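One structure below.
Source: prediction; values computed, not measured.
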Amino acid sequence: MKPGDQDAPGAGKNLLSFHLKRAEQAIVARKARGVRELDLTEPQCKVLGYLNCGTAKSCTQLAREALVTSQTMTGIVKNLENKGLVERHPSPDHGRVRLVTLTPAGRERAAAASGFSERVEHGLRDAMPEREYAELVRLLGRVAELAPRISAGTAE
């Protein structure tokens with residue numbers, strides 16, 4: 001068996017986190033294959049999506065939204081800037097803070113990436129019966145609700 005196989009010994013197949021990560025990786029990999037045609041990575045697509053509302057944001061704000069470090073976000077933004085998809089401008093409120101906005105090319109690329117991502121998400125939803133999808137969403141919400149309260153293996 002290959003490393004990462006679900007049936008491999010020690011793969012953690014009985015852990016919820018294993019199954020959550022496996023599902024997330026499958027979705028991200030599918031989206032990544034599609035956005036490669038747009039000369040983007042999945043993290044770059046997320047940033048374009050966060051900026052597509054038209055609001056300028058700092059790298060720190062973007063990092064919080066993406067759940068990554070500020071250093072990681074700075075690298076993503078620099079790559080997008082090199083591709084001509086974002087621009088950074090000084091903040092009118094804070095002298096050292098630079099705000100990130102989309103360029104016209106960035107808005108076009110964000111729309112294309114968003115459309116692809118939506119098609120993948122809708123495809124997943126359409127691939128399972130409505131009741132299964134609703135139950136999955138409900139259970140994932142329940143996990144998100146319970147996880148912060150778990151301490152030393154028991155609920156608080």
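- Note on L80 and V97: separate hydrophobic clusters, where clusters join Ile, Leu, Val, Met, Phe, Trp and Tyr whose side-chain heavy atoms are under 4.5 Å apart, directly or indirectly.
- Remark: the backbone N or O of S58 is paired with a side-chain donor or acceptor of Q61 at under 3.5 angstrom.
- In this structure a side-chain-to-backbone donor-acceptor pair under 3.5 Å is present from R119 to G115.
- A salt bridge links E24 with K21; the closest basic N to acidic carboxylate O contact falls under 4.0 Å.
- L51 and L99 are not part of a single hydrophobic cluster, where members link through side-chain heavy atoms under 4.5 Å apart.
- R109 places a side-chain N or O within 3.5 Å of a backbone atom of L38 that can act as its donor or acceptor partner.
- No side-chain donor-acceptor contact under 3.5 Å links R88 to the backbone of V100.
- Here the side chain of S117 pairs no donor or acceptor atom with the backbone of A113 at under 3.5 angstrom.
- In summary, K57 and E65 engage in a salt bridge, as defined by a charged side-chain N under 4.0 Å from a carboxylate O.
- Side-chain contact between F116 and R30 is present, with at least one heavy-atom pair separated by less than 4.5 Å.
- The closest donor-acceptor contact from the side chain of T103 to the backbone of L85 lies under 3.5 Å.
- The heavy-atom pair separating T60 from S70 by the smallest distance is OG1-OG, 3.8 Å.
- Connection of L16 to L139 is not established within any shared hydrophobic cluster, with ILVMFWY side chains joined at heavy-atom distances below 4.5 Å, either directly or through further cluster members.
- No donor-acceptor pair under 3.5 Å is formed between the side chain of E108 and the backbone N or O of A105.
- Panel note: side chain K83, backbone D39; a donor-acceptor pair is recorded below 3.5 Å.
- Under a cut-off of 6.0 angstrom, the local environment of CD in E130 is crowded, with over 12 non-hydrogen atoms contributed by other residues, nucleotides or ligands.
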